[in-house]
Amino acid sequence: MATFKAHGERLNAMLITKILNHQGIKTRFLEPKDVGLIVTGTPNNAEVNPETYVNLKRIKLNKDERIIFPVFYGITPAAHIATFSRDGSDITGAILARGFNANLYENFTDVDAIFYSNPHIIDHPKPIKKMTYQEMRELSYAGFSVFHDEALIPAIQGEIPVNVKNTNAPEKTGTLIVPEEGFTAKKTITGIAGGKNFAALYLRKYMLNKGAGFTLKLMEIFNRHHVSYEHMPSGIDDLTVIFKKDVLNDQLIDVICNEIQTSLNPDQMQWIDDYAITMVVCEGMKDKLTLCASLLYPIGKKDISIQMINQGASQISIMIGTRRKDKETVIKTIYDNFIAED
Ligand SMILES: Nc1ncnc2c1ncn2[C@@H]1O[C@H](COP(=O)(O)OP(=O)(O)O)[C@@H](O)[C@H]1O
Ligand SMILES: N[C@@H](CC(=O)OP(=O)(O)O)C(=O)O
């Protein structure tokens, strides 16, 4: 399957190389096996192997020619093709930018910029001019599909600024994503993203805070079933574990809940299948003392029940958990109150 999926990208890159050469623009086709873009992990969710960067440093680029490189896949140590996760073309671009020590990674897409919120939710949202790597990572993780969250890692490692621009309007400035150092947040909020594809497990056990080992045993159960979790906000007697829905199915949920019942004997256990997360992101959030209160007030006025609030450890994001049906209203309410008027 991975080879099949990669084939489209490969043929497309070969075609573009032929067209450019035909137009008199000297162009060379290079692909992962030619440069040693090595990946490991699962065939449809691969990760770059650090050896790639050593290999890329050896590649000679000539000033008078362009390189066309197919995106989305790499070669495993056993010489098989493996692809990155969906929309992973951004990842290849970032790997090459780091490997070739670029001054700038220009990433072309089909919108003028990254907007304050998803244009499918907010009508004509304002464009973001500049933001930090960490802000972008939080926003793309939570639903800004325009730039892949994993694609920032090579850019961060190589300290390469990223400029997201429109293929159909390259003269527009787009959005610049830069290192945190030296960045000063000018707006109250940098962006609002939302993802619907979550589920949560609520557990209550009196004196949870006093008993050692409860969370360890819980983690052992998830680990045994190769299930990763996303967030785990907790209180004195209870905790909620939030998952991406695609790591679980109904049968696995039953097995895990049964094991938790037997091994941890919680006072209450509830599987919440209907879970959405809205993420409000801004560098410098920790200095905006009333932000959390003023974010939540208009949401409450709309009669939306908030399941969870989590101010991220990074202190640049506030996560709001709600029922799935409320996610768009939450985003619209925050946009209208904080961005439309800013
Ligand atoms: N905050 C956002 N800003 C801009 N585009 C967004 C945002 N959130 C979601 N999108 C969507 O992302 C799309 C571009 O992403 P995608 O199609 O994956 O790009 P590409 O294939 O160029 O990597 C846009 O057309 C837009 O609909
Ligand atoms: N074709 C792959 C890789 C990719 O990101 O393509 P695009 O840049 O066209 O979204 C996918 O859709 O997952």
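Order of appearance sets the numbers: ligands from 1, and atoms from 1 within every ligand. We number each residue from 1, following the sequence as shown.
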Practice task
Using heavy atoms and a cut-off under 4.0 Å, could you grab the residues that are in contact with ligand 2, chain by chain, numbers ascending?
Solution key: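 Contacting ligand 2 under 4.0 Å are E9, F72, R86, D87, G88, S89.
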Decide yes or no for [X] and [Y]: does some side-chain heavy atom of the first lie under 4.5 Å from some side-chain heavy atom of the second?
X	Y	answer
L61	F100	yes
M285	I318	yes
L248	V227	yes

Among side-chain atoms of [X] and [Y], is any donor-acceptor pair under 3.5 angstrom?
X	Y	value
E283	T132	yes
Y202	Q307	no
S85	H148	yes

Practice task
Verify the ring-centre separation between F222 and F243: is it less than 6.0 angstrom?
Solution key: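 Yes: the rings meet the under 6.0 Å criterion.
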Practice task
With sequence neighbours left out, write down each residue that passes salt bridge (Lys or Arg N to Asp or Glu O under 4.0 Å) with K245, or none if nothing qualifies.
Solution key: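 In terms of salt bridge (Lys or Arg N to Asp or Glu O under 4.0 Å), with neighbours along the sequence ignored, K245 is linked to D273.
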Practice task
Kindly state each residue pair satisfying side-chain hydrogen bond (donor to acceptor under 3.5 Å, both in side chains) with at least one member in residues 174-201, sequence neighbours excluded.
Solution key: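 Residue pairs passing side-chain hydrogen bond (donor to acceptor under 3.5 Å, both in side chains), neighbours aside: E135-T190.
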Handout entry: Neighbouring protein residues of ligand 1 - any heavy atom closer than 4.0 Å
Key =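 Within 4.0 Å of ligand 1, the protein residues are D87, D90, F108, T109, D110, V111, A113, I114, F115, S117, N118, P119, H120, F144, S145, V146.
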